[in-house]
Amino acid sequence: MTVQTTTHLNFRGDARAALTFYHSVFGGALTVISYQDMGAVDDPAEADQVVWGQVAAENGFRVMAYDVPTARPWSRGDDPFFVSLRGDTAEEVAVLWERLVEGSTVVAPLAPSQWAPLYGMLTDPFGVTWVVDVAVEYSAA
């Protein structure tokens, strides 16, 4: 059983530039998936924005990022990051979700998604937003 946390940064239109910058600093693999790539375009002006991106360097550095859609409230100071909790299996993720969900506000229920066997989002009693999913392989962009 392997579980890891990764800082998941939230932007409004700057995720690709931020990930490119972090990649230039830390090296490793850069993966960028747009809303268009996922077939999840609600606003055509946001089609090329990042629905999920990651820099994963050989030295262990990892950061994830996405562009918060305009339909969702966001400000640079109020919701700048999530904690991403990823597991290898649906079983281990489900157990951790059940523990985290107690006293929390569910933003997106833990369920299958287009990009992961299970995905969910919650805000815990301390105001920290957690993105929980089963890790899958993505090819670097």
Side-chain angles (χ1 to χ4, degrees), residues 1-44 46-141:
M1 177 160 68
T2 301
V3 175
Q4 62 179 259
T5 61
T6 302
T7 302
H8 187 293
L9 304 172
N10 301 330
F11 297 94
R12 173 83 29 91
D14 294 325
R16 187 181 305 269
L19 289 164
T20 300
F21 172 73
Y22 300 138
H23 181 248
S24 75
V25 172
F26 296 100
L30 169 64
T31 305
V32 176
I33 300 169
S34 71
Y35 285 94
Q36 182 172 321
D37 294 336
M38 290 297 298
V41 177
D42 292 330
D43 180 347
E46 298 174 343
D48 290 329
Q49 290 187 1
V50 178
V51 70
W52 183 81
Q54 175 176 267
V55 174
E58 293 80 15
N59 66 2
F61 173 84
R62 286 204 189 324
V63 68
M64 295 179 187
Y66 98 116
D67 287 309
V68 178
T70 55
R72 180 173 175 202
W74 177 85
S75 78
R76 177 173 262 175
D78 294 333
D79 198 13
F81 71 93
F82 297 148
V83 176
S84 172
L85 174 64
R86 308 191 100 184
D88 289 334
T89 68
E91 293 77 20
E92 70 183 331
V93 165
V95 167
L96 295 171
W97 174 268
E98 288 306 317
R99 294 176 186 163
L100 274 172
V101 79
E102 190 168 327
S104 296
T105 302
V106 174
V107 177
L110 188 66
S113 72
Q114 289 178 301
W115 59 88
L118 282 180
Y119 166 86
M121 181 187 297
L122 60 81
T123 301
D124 73 19
F126 308 100
V128 176
T129 300
W130 293 77
V131 178
V132 180
D133 68 352
V134 176
V136 295
E137 288 293 319
Y138 297 101
S139 59

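Numbers here simply count residues along the sequence, with the first being 1. Hydrogens, waters and symmetry mates play no part in the numbers below; they use all other heavy atoms, side chains included.
Evaluation of the side chain to side chain donor-acceptor pair (under 3.5 Å) rule for S34 yields D37 as partners, not counting sequence neighbours. In terms of the side chain to side chain donor-acceptor pair (under 3.5 Å) criterion, residue partners of T123 (sequence neighbours excluded) are, by chain and number, T129. Contacts of D43 classified as side chain to side chain donor-acceptor pair (under 3.5 Å), with partners at least two apart in sequence or in another chain: none. Under the rule for a side-chain contact (heavy atoms from CB on, under 4.5 Å), the partners of P109 that lie at least two apart in sequence or sit in another chain are V106. Residues satisfying the side-chain contact (heavy atoms from CB on, under 4.5 Å) test with S104, not counting sequence neighbours, are L122, D124, P125. S75 pairs by the side chain to side chain donor-acceptor pair (under 3.5 Å) definition with D78, not counting sequence neighbours. In this view, A17 satisfies the side-chain contact (heavy atoms from CB on, under 4.5 Å) rule with no residue, not counting sequence neighbours. By the side-chain contact (heavy atoms from CB on, under 4.5 Å) test, A135 is found to be paired with R86, residues two or more places apart in sequence or in another chain being considered. In this view, R76 satisfies the salt bridge (Lys or Arg N to Asp or Glu O under 4.0 Å) rule with no residue, not counting sequence neighbours.
Atom CG of L19 and atom CG of L9 lie 8.0 Å apart (nearest 0.5 Å). In this structure, M121 CE and W97 CH2 are separated by 9.0 Å, a value rounded to the nearest 0.5 Å. Taking CZ of R62 as the start and OG1 of T5 as the end, the distance is 11.5 Å to the nearest 0.5 Å. If you take NE2 on H8 and CG on L85, they are separated by 12.5 Å, rounding to the nearest 0.5 Å.
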- Message: Could you walk me through whether V3 and L96 satisfy the side chain to side chain contact (heavy atoms under 4.5 Å, CB included) test, starting with their C-alpha distance in whole Å, then the side-chain angles of each, then the deciding distance to 0.1 Å, before giving a yes or no?
- Response: CA-CA 10 Å; V3 175; L96 295 171; 3.8 Å; yes

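Using a 4.5 Å heavy-atom threshold, the side chains of N10 and Y66 count as touching. Side chains of S84 and T7 form no contact here, defined as non-hydrogen atoms less than 4.5 Å apart.
Sorted by first then second residue, the salt bridge (Lys or Arg N to Asp or Glu O under 4.0 Å) pairs that include residues 63-74, not counting sequence neighbours, are R72-D79. Counting only residues at least two apart or on different chains, the ring pair (Phe, Tyr, Trp, His ring centres under 6.0 Å) pairs with a member in residues 11-37 are F26-F61. Each salt bridge (Lys or Arg N to Asp or Glu O under 4.0 Å) pair with one or both residues in residues 8-25, not counting sequence neighbours, would appear here, but there are none.
E46 places a side-chain N or O within 3.5 Å of a backbone atom of T70 that can act as its donor or acceptor partner.
Contact between P117 and V136 at its shortest, heavy atoms only, is CD-CG1, 3.5 Å. Minimum interatomic distance between Q114 and A40 (heavy atoms only, all atoms of both residues): OE1-CB, 4.2 Å. The shortest heavy-atom contact between L110 and A94 is CD2-CA, 3.9 Å. Shown here for T6 and Q4, the closest heavy-atom pair between the two residues is OG1-OE1, 3.8 Å.
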